[in-house]
Visitor: 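Can you read through this structure? Questions will come right after.
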Amino acid sequence: MISCSTAQGLRAALRTRPDGRRVGLVPTMGYLHEGHASLIREARGRCETVVVSIFVNPLQFGPAEDYEKYPRDLERDRALCEREGADIVFHPSAAEMYRGGRPLTTVHVAELGDGLCGRSRPGHFDGVCTVVSKLLHLVNPTHAFFGEKDWQQLQIVRQMARDLSFPAEIVGCPIVREPDGLALSSRNAYLSREERDAAAAIPRVLSGLAAAVRQGNREISALLEDARRDLEDGNPLLRVDYLSFVDPETLRPLSELRAGQSGLFAAAVYAGATRLIDNALCKRPE
Ligand code: AMP
């Protein structure tokens, strides 16, 4: 496995790989866990060359967010990448990625970033799209792998790749969870024991909502209200940022589902000071 921290080093590393083969890119912010490992394995299964990027991207953090304290452990991350069979780990510094500080050119995908996480994190998805487009240019992969945990991010990146003619196929990968259902996240490291226990209610409530719709419950707004109450009243450590039901592709709010139509329950919930996101897909029976 080659480890490099500059664009020049990355280009040199890519030149050592056989031509004309499938190249898979797995963009991450590091502090890797089994969710990231599943993306690397999916890339390994589909591509001859697997590149993992590890970069805590300052552009996608708001001024009051956790950029400085975001967990980092490059040595452990490299060991995980090696174990999972990555060929190249690219771990640039912020100075390497953004030579003149904040770039004057950024990438904005309209509409899809307005709701859900976009509402409470203005500018976040522009930061994501800007760094992902830089990584797509630097690596020029045939495939790029993203987790469905960040569902909105996945749809936005798909749209960006279509709109800007990136040749990479954007591959969505299923959410990896703890035994009690909590979605793995680098930010879970912030949780106290009590917050960690309370956070298990998030996937429980989301999967309950999805099951209710599958079983024919059509009262979406009542379901959402009850679920919000369940989360907050049942757990003093939890505070709902949003809990929404949306079209899985357009991300527009849905108040009902036609027979055979799919919908996505998506939530961001604070456990103490830590903001966690999760989602559950469902389909109304035909
Ligand atoms: P991050 O390092 O949090 O920016 O995540 C890097 C990639 O890993 C993103 O595409 C995430 O959606 C994905 N990812 C993070 N957590 C999980 C998880 N629990 N299951 C599947 N994919 C995940």
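Atoms within each ligand, like the ligands themselves, are counted from 1 in listed order.
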Visitor: Between Arg78 and Glu75, does any side-chain N to carboxylate O distance fall below 4.0 Å?
Guide: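 Answer for the salt bridge query: yes.
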
Visitor: Taking atom types as modelled, find out whether Arg162 and Gln159 have a side-chain donor-acceptor pair closer than 3.5 angstrom.
Guide: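 Judged by distance alone, the side chains do pair up.
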
Visitor: Mind jotting down which residue pairs meet the salt bridge (Lys or Arg N to Asp or Glu O under 4.0 Å) criterion with at least one end in residues 34-55? Sequence neighbours excluded, please.
Guide: Arg22-Glu48, Glu34-Arg41, Arg41-Glu84, Glu42-Arg46, Arg44-Asp87, Arg46-Glu169

Visitor: Go ahead and list the nitrogen or oxygen contacts between ligand 1 and the protein that come in under 3.5 Å, distances to 0.1 Å, or just say none.
Guide:
| residue | atom | partner | partner atom | Å |
| --- | --- | --- | --- | --- |
| ligand 1 | 2 (O) | Met29 | N | 2.9 |
| ligand 1 | 2 (O) | His36 | NE2 | 2.9 |
| ligand 1 | 5 (O) | His36 | NE2 | 3.4 |
| ligand 1 | 10 (O) | Gly147 | N | 2.9 |
| ligand 1 | 12 (O) | Gly147 | N | 3.2 |
| ligand 1 | 12 (O) | Gly147 | O | 3.2 |
| ligand 1 | 12 (O) | Asp150 | OD1 | 2.6 |
| ligand 1 | 16 (N) | Leu184 | O | 3.4 |
| ligand 1 | 19 (N) | Val176 | O | 2.9 |
| ligand 1 | 19 (N) | Leu184 | N | 3.4 |
| ligand 1 | 19 (N) | Leu184 | O | 2.9 |
| ligand 1 | 20 (N) | Val176 | N | 2.9 |

Visitor: For residues Asn188 and Tyr31, is any side-chain donor paired with an opposing acceptor at under 3.5 Å?
Guide: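 No donor-acceptor contact under 3.5 Å links the two side chains.
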
Visitor: Going by salt bridge (Lys or Arg N to Asp or Glu O under 4.0 Å), name the pairs with one or both residues in residues 114-141, residues two or more places apart or in two chains.
Guide: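 The answer is Glu65-Arg121.
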
Visitor: Which residue pairs pass the side-chain hydrogen bond (donor to acceptor under 3.5 Å, both in side chains) test with at least one member in residues 254-269, sequence neighbours excluded?
Guide: none

